[in-house]
Chemist: 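For reference, the structure I am asking about is given below.
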Amino acid sequence: MTHPTARNRLDEAASPYLRQHADNPVNWQPWGEPAFSAAREHDVPIFLSIGYSACHWCHVMAEESFADPEIAAVLNEQFVPVKVDREQRPDVDDLYMTVSQVTRGSGGWPLSVFLTPERKPFYITTYVPKEPTRDQPGFESLLEDVTANWRENRGDLDARAEQWLQAARGELESVPDPVDDAGTDSPLPAAADSIADAADATHGGFGRGQKFPHAGRLRVLLRATQRDAGDGARAASAARHTLTAMADGGLHDHVGGGFHRYCTDREWTVPHFEKMLYDQAALARLYVDGYRALGDNRYADVARSTLTFVDRELGHPDGGFYATLDARSPPPDAPDGDREEGAYYVWTPDRVAAAMRDHAAAAPCDTADVLADAACRRYGVDDTGNFEAGTTVPTVSASVGAIADAFDTDPATVEAWCDVIDARLRAARADRPRPARDEKVLAGWNGLMARAYAEAGLALDDRFAERAADAIAFARDTLWDGDRLARRSIGGDVAGVGYAADYAFLAAGALATYEATGAVAHLDFALDLADAMLEACYDASAGVLYETPASVDDVAVRSQATGTGSTPSPVGVAADTLDALAAFAPAAGYDDAAAALLSRYGSHIAESPGRHPELVLAADTRAGGRREITVAADDLPDAWRDAVGAAYLPDRLLSRRPPTEDGLDAWQSTLDQASVPPLWAGRTGGDDGTPRAYVCRRACSPPLDDAAGITEWLAEFSR
């Protein structure tokens, strides 16, 4: 048989993940009609491998199997090999991941799928070792078995493929019955109690095995602490426990800032070391809210260090944010060696001592030996280690007070030591071979990150709001053509259709950036994105939000954008954002769409609130209404920023407008609106141009001219 594909075509791809496989002897093809036609023409199966650039086990399978000439020969001769970057094609990933979960009860990456030429799955698994183990066949023998079954049992495979595809279609396309009273009674009390019940009371987080951050669940718990919503004290305790456990454990990068993807153990000690932009966005915003709701300054520090890390290591020079940092890199003492998971992040006592001795210029201090001992105590670094080969993932293992006692000094001195320690460790680590960076700029992920910066700009420091504005401007200038949103940009190459998540997340980020900066251009962009999302992905007759625009026709199932996985629920974020934007454009249909989405997917909230926290929060806000704070001023006074931005107001809508009617006329021209929305109408600044504020929730305050009045009326309208 002549093999159906002549060469590996991934050198033509822009995706860093696909290009990682461009040198494989496997003749990889991108997802698309040429590959499908080749499979039909030669009547061979498609071998589909789905992964992403920071995926550890994707790298392992590539090095073990896809770099092997003998295995490549089998793949090239008997299959059409296709590679997909799940971050560029989440719809392809969703379909086959759903098949894996329905048929196997689990999934993961790399996702390895054998398809008929019609793209129907008949065998699916994840990582497959090259050599057989007690539990798994080797990859080469698996290929031989699939090839034999394709020749000898074709009818059975076709029947299985059709059955599996229909099962996935039922899972992804089935539309739930609407809930009649959605948006009238808040689901928050029951949801918070359910999520608190599932919390790990010993170690924080959720579950008894590996630990993921689950920022959405924690956001539900934080909101329940504010008012009489279920057992608020228990919700606060569970939230505080997990926030502190994540901040102290190995999930948090104590040296460089930011968070890894998840921890492999119950105790939050050993992470899976990749760093994803969406995790930084979710957790930075979560820790801002943890600071607001629980009053712990440590949480504000974690948010600051995370945002500083993102700007430093994932920031695009023109304003956006890159996607990921890899889990692996060459070891410090062998920069040309094989990449190892965690090599950039782990320590030994000798390496700590060398950092304290050799990097004194990073932070002067005369006590290098004392610093080394204190650093090892602080972060639990010892000869045994908590990771591979006697290395240690830093965790907060001794308090400042305990270290002060051990060294017979005072806590203030130890605090100063800790600053020096972190600076020297950071400088030493910067000399190590760095993890690879995936330089995709993804629309939705940038929206999530901009939202986190905007909230930090209100709560912590104006400069974070400026960084949010840079990101939104980059997305608008690079990914938006005035009518539709592109999924990604890589090195100036813009491609891919925008998905519902891209529109919803970027609209939410643009709205938050308008709140933080008062710049009408960001509000205008949010409104444009909402319009485009409804046109491209929303079925108004059914109240359904689809993951992809109708124009995408190379995936057999059109998924609804409902679930919360590693990123928030697009439906939940869309419903909440549309509900907020309706205040600025009452005639645009946003309110009806938000109500329809919450009605259509309301049953998901009752059935599994922990899987749909964004829907819980959107429904809670709609049930109680928003606390609208309209500020008529050219700039937000510092005291007002503290009253509105540093307070925990999860149902807040901060509406900014010019203080004069002439200024508002110019805004109306920018927004291309015929009439002034009610939340701006008649709400001017003082006669002498002084700022004024108006606080409303079903009723309104009188005009307010000081922060104390704003705080008083916000409390009056708490619920």
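Quick note: numbers below take in every heavy atom, side chains included, and nothing from hydrogens, waters or symmetry partners.
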Chemist: Any chance you could lay out the side chain to side chain contact (heavy atoms under 4.5 Å, CB included) test for Asp326 and Glu274, step after step, and finish with the verdict?
Modeler: CA-CA 5 Å; Asp326 206 321; Glu274 64 213 50; 5.7 Å; no

Chemist: Under a 4.5 Å cut-off applied to non-hydrogen side-chain atoms, are Val310 and Leu314 in contact?
Modeler: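 SC-SC contact between Val310 and Leu314 confirmed.
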
Chemist: Just so I know, are the side chains of Pro271 and Val393 near enough to count as touching, which here means a heavy-atom distance under 4.5 Å?
Modeler: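 A side-chain contact under 4.5 Å exists here.
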
Chemist: If you measure from the Lys or Arg side-chain nitrogens to the Asp or Glu carboxylate oxygens, is any gap between Asp373 and Arg377 under 4.0 Å?
Modeler: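 Yes, Asp373 and Arg377 are salt-bridged.
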
Chemist: Between Asp289 and Arg292, is the closest basic N to carboxylate O distance under 4.0 Å?
Modeler: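 Result for this pair is yes, salt bridge flagged.
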
Chemist: Does anything in residues 390-417 pair up under salt bridge (Lys or Arg N to Asp or Glu O under 4.0 Å), and if so which pairs, sequence neighbours excluded?
Modeler: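 Residue pairs with at least one partner in residues 390-417: there are none.
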
Chemist: Could you tell me if the side chain of Pro213 sits less than 4.5 Å from the side chain of Phe259, heavy atoms only?
Modeler: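 Side-chain contact under 4.5 Å: no.
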
Chemist: By side chain to side chain donor-acceptor pair (under 3.5 Å), which residues pair with Asp94, not counting sequence neighbours?
Modeler: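 Counting only residues at least two positions away or on another chain, Asp94 forms no side chain to side chain donor-acceptor pair (under 3.5 Å).
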
Chemist: Does Lys440 come within less than 4.0 Å of Asp85, counting only side-chain N to carboxylate O?
Modeler: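 Counted as a salt bridge, because a side-chain N and a carboxylate O are separated by less than 4.0 Å.
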
Chemist: Could you tell me whether Tyr17 and Tyr52 have their ring centroids closer than 6.0 angstrom?
Modeler: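 Not under 6.0 Å, so no.
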
Chemist: If I take atom CD from residue Glu466 and atom CG from residue Asp470, how far apart are they, to the nearest 0.5 angstrom?
Modeler: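 Answer for the CD-CG pair, Glu466 versus Asp470, is 8.0 Å.
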
Chemist: Would you confirm whether Tyr287, through its side chain, and Leu243, through its main-chain N or O, come within 3.5 Å as a donor-acceptor pair?
Modeler: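 Yes, Tyr287 side chain to Leu243 backbone: donor-acceptor pair under 3.5 Å.
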
Chemist: Should Leu325 and Phe309 count as side-chain neighbours, where that means a heavy-atom distance under 4.5 Å?
Modeler: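 The answer is yes; the side chains approach within 4.5 Å.
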
Chemist: Taking the side chain as every heavy atom from C-beta outward, state whether Tyr379 and Leu425 have any atom pair closer than 4.5 Å.
Modeler: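 A side-chain contact exists here, since the closest heavy-atom pair is under 4.5 Å.
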
Chemist: Show your reasoning for whether side chain to side chain contact (heavy atoms under 4.5 Å, CB included) applies to Leu307 and Tyr453.
Modeler: CA-CA 7 Å; Leu307 296 170; Tyr453 272 97; 3.7 Å; yes

Chemist: Where the side chain of Thr242 meets the backbone of Ala239, is there a donor-acceptor pair that is under 3.5 Å apart?
Modeler: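 The answer is no, because no donor-acceptor pair under 3.5 Å joins these two groups.
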
Chemist: Please walk me through it: do Thr621 and Asp576 pass side chain to side chain contact (heavy atoms under 4.5 Å, CB included)?
Modeler: CA-CA 8 Å; Thr621 297; Asp576 186 61; 4.1 Å; yes

Chemist: Indicate yes or no: does Glu515 engage Arg652 in a salt bridge with an N to O separation below 4.0 Å.
Modeler: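 Salt bridge flag = yes for Arg652 with Glu515.
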
Chemist: Tell me whether Lys211 is salt-bridged to Asp265, with the criterion being a basic N under 4.0 Å from an acidic carboxylate O.
Modeler: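 Between Asp265 and Lys211 there is no salt bridge, as every charged N stays at least 4.0 Å from the carboxylate O atoms.
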
Chemist: Are there over 12 heavy-atom neighbours, none belonging to Asp383, within less than 6.0 Å of that residue's CG?
Modeler: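 Open.
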
Chemist: Please tell me whether Trp417 and Phe407 form a close aromatic pair, meaning their ring centres lie under 6.0 Å apart.
Modeler: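 Judged by ring-centre distance (under 6.0 Å), Trp417 and Phe407 do meet the cut-off.
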
Chemist: Below 30° counts as parallel, above 60° as perpendicular, anything between as tilted: where do the rings of His604 and His612 land?
Modeler: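 Parallel, since the angle between the ring planes stays under 30°.
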
Chemist: Go through Tyr322 and Asp438 one step at a time and tell me if the side chain to side chain contact (heavy atoms under 4.5 Å, CB included) criterion holds.
Modeler: CA-CA 7 Å; Tyr322 296 126; Asp438 186 325; over 6 Å; no

Chemist: Return the OH to CG distance between Tyr127 and Leu111, rounded to the nearest 0.5 Å.
Modeler: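 Nearest 0.5 Å value for the OH-CG distance: 15.5 Å.
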
Chemist: For Ala303, is there any backbone N or O sitting under 3.5 Å from a side-chain donor or acceptor partner on Arg285?
Modeler: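 Flag not set: sc Arg285 to bb Ala303 has no pair under 3.5 Å.
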
Chemist: Measure across Pro349 and Val381 and return the closest heavy-atom pair with its distance rounded to 0.1 Å.
Modeler: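 Looking at all heavy atoms of both residues, the closest pair is N-CG1, 3.6 Å.
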
Chemist: Which heavy atom in Ser566 sits nearest to a heavy atom in Asp279, and how many Å separate them?
Modeler: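 Residues Ser566 and Asp279, closest heavy atoms: O-OD1, 4.5 Å.
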
Chemist: Taking all non-hydrogen atoms of both residues, which atom of Pro110 and which atom of Cys55 are closest, and how far apart?
Modeler: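 Reported closest heavy-atom pair: N-SG, 4.1 Å.
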
Chemist: What is the minimum heavy-atom distance between Leu442 and Ala323, and which atoms define it?
Modeler: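 Heavy atoms only, the tightest pair is CD1-CB, 4.3 Å.
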
Chemist: Tell me if a side-chain donor or acceptor on His203 pairs with a main-chain N or O of Ala245 at a distance below 3.5 Å.
Modeler: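 Pair absent, no side-chain N/O of His203 close to backbone of Ala245.
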
Chemist: Could you check whether Arg234 pairs with Asp197 (Lys NZ or Arg NE/NH1/NH2 to Asp/Glu carboxylate O, under 4.0 Å)?
Modeler: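 Yes, this pair counts.
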
Chemist: Thr395 side chain to Gly250 main-chain N or O, any donor-acceptor pair under 3.5 Å?
Modeler: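 Looks like no, no N/O pair under 3.5 Å.
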
Chemist: Which pair of heavy atoms, one from Leu653 and one from Ala580, lies closest together, and at what distance?
Modeler: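 For Leu653 versus Ala580, the nearest heavy atoms are CD2-O, 3.9 Å.
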
Chemist: I want to check something: taking the side chain as every heavy atom from C-beta on, are Tyr291 and Leu460 in contact at a cut-off of under 4.5 Å?
Modeler: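 In contact.
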
Chemist: Side chains of His56 and Met61, heavy atoms from C-beta outward: is any pair under 4.5 Å?
Modeler: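 Not touching, per the 4.5 Å side-chain cut-off.
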
Chemist: Quick one: does any side-chain atom of Arg261 pair with a main-chain N or O of Met276 as donor and acceptor, under 3.5 Å?
Modeler: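 Such a contact is absent between Arg261 side chain and Met276 backbone.
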
Chemist: Do Arg328 and Phe273 meet the cation-pi criteria used here (NZ or CZ under 6.0 Å from the six-membered ring centre, within 45° of the axis)?
Modeler: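 Ring-cation test returns no.
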
Chemist: For Ser186 and Asp620, run side-chain hydrogen bond (donor to acceptor under 3.5 Å, both in side chains): C-alpha distance rounded to whole Å, both residues' side-chain angles, the deciding distance at 0.1 Å, then the answer.
Modeler: CA-CA 5 Å; Ser186 173; Asp620 174 66; 2.5 Å; yes

Chemist: Return the CG to CD1 distance between Leu617 and Ile605, rounded to the nearest 0.5 Å.
Modeler: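 Taking CG in Leu617 and CD1 in Ile605, the distance rounds to 9.5 Å.
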
Chemist: Mind listing the closest non-hydrogen atom pair of Thr711 and Ala643 along with its distance?
Modeler: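 Heavy atoms of Thr711 and Ala643 come nearest at OG1-CB, 3.6 Å.
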
Chemist: Under the criterion side-chain hydrogen bond (donor to acceptor under 3.5 Å, both in side chains), I'd like the reasoning laid out for Arg208 against Thr202: C-alpha separation, chi angles, the key distance, then a yes or no.
Modeler: CA-CA 10 Å; Arg208 298 297 183 266; Thr202 304; over 6 Å; no

Chemist: Assess whether salt bridge (charged side-chain N to carboxylate O under 4.0 Å, His left out) is satisfied between Asp301 and Arg304, documenting all intermediate values.
Modeler: CA-CA 5 Å; Asp301 291 341; Arg304 288 189 188 94; 3.0 Å; yes

Chemist: Would you confirm whether Ser305, through its side chain, and Val302, through its main-chain N or O, come within 3.5 Å as a donor-acceptor pair?
Modeler: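 At least one qualifying donor-acceptor pair exists.
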
Chemist: Whether the side chain of Glu340 engages the backbone of Pro330 through a donor-acceptor N/O pair (distance < 3.5 Å, no angle test) should be reported.
Modeler: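 Side chain of Glu340 to backbone of Pro330: no pair is present.
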
Chemist: Side chains of Arg378 and His254, heavy atoms from C-beta outward: is any pair under 4.5 Å?
Modeler: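 No, too far: nothing below the 4.5 Å cut-off.
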
Chemist: Please determine whether the number of non-hydrogen atoms from other residues, nucleotides or ligands lying under 6.0 Å from atom CG of Asp461 exceeds 12.
Modeler: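 More than 12 within 6.0 Å, yes.
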
Chemist: Can a salt bridge be assigned to the pair Arg217 and Glu614 using a cut-off of 4.0 Å between side-chain N and carboxylate O?
Modeler: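 Salt bridge absent between Arg217 and Glu614.
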
Chemist: Counting distance only, does the side-chain N/O of Arg627 pair as donor-acceptor with the main-chain N or O of Leu714 below 3.5 Å?
Modeler: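 Indeed, once roles are kept as given, a pair shorter than 3.5 Å links the two residues.
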
Chemist: Tell me whether the NZ or CZ atom of Arg432 lies within the 45° cone about the ring axis of Trp347 and under 6.0 Å from its centre.
Modeler: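 Yes, a cation-pi geometry holds between Arg432 and Trp347.
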
Chemist: Is the backbone N or O of Leu222 less than 3.5 Å from a side-chain atom of Thr225, with the two atoms forming a donor-acceptor pair by type?
Modeler: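 Yes.
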
Chemist: Side chains of Asn386 and Thr392: donor-acceptor distance under 3.5 Å anywhere?
Modeler: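 Result is no, nothing qualifies.
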
Chemist: Using a distance-only test with no angle check, is there a side-chain donor-acceptor pair under 3.5 angstrom linking Asp93 and Trp109?
Modeler: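 Judged by distance alone, the side chains do pair up.
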
Chemist: Between Tyr262 and His272, what is the ring plane arrangement, given parallel below 30°, perpendicular above 60°, and tilted in between?
Modeler: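 Tilted.
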
Chemist: Using ring centroids (six-membered ring only for Trp), state whether Phe321 and Tyr278 fall under 6.0 Å.
Modeler: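 Distance test on ring centres: not under 6.0 Å, no.
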
Chemist: Applying side-chain contact (heavy atoms from CB on, under 4.5 Å), can you list everything that pairs with Asp253, at least two apart in sequence or on another chain?
Modeler: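 For Asp253 the side-chain contact (heavy atoms from CB on, under 4.5 Å) partners, ignoring immediate neighbours, are Val255, His260, Lys275, Tyr345, Arg429.
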
Chemist: Please determine whether a side-chain nitrogen of the Lys or Arg among Asp462 and Arg641 lies less than 4.0 Å from a carboxylate oxygen of the Asp or Glu.
Modeler: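 A salt bridge links Asp462 with Arg641.
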
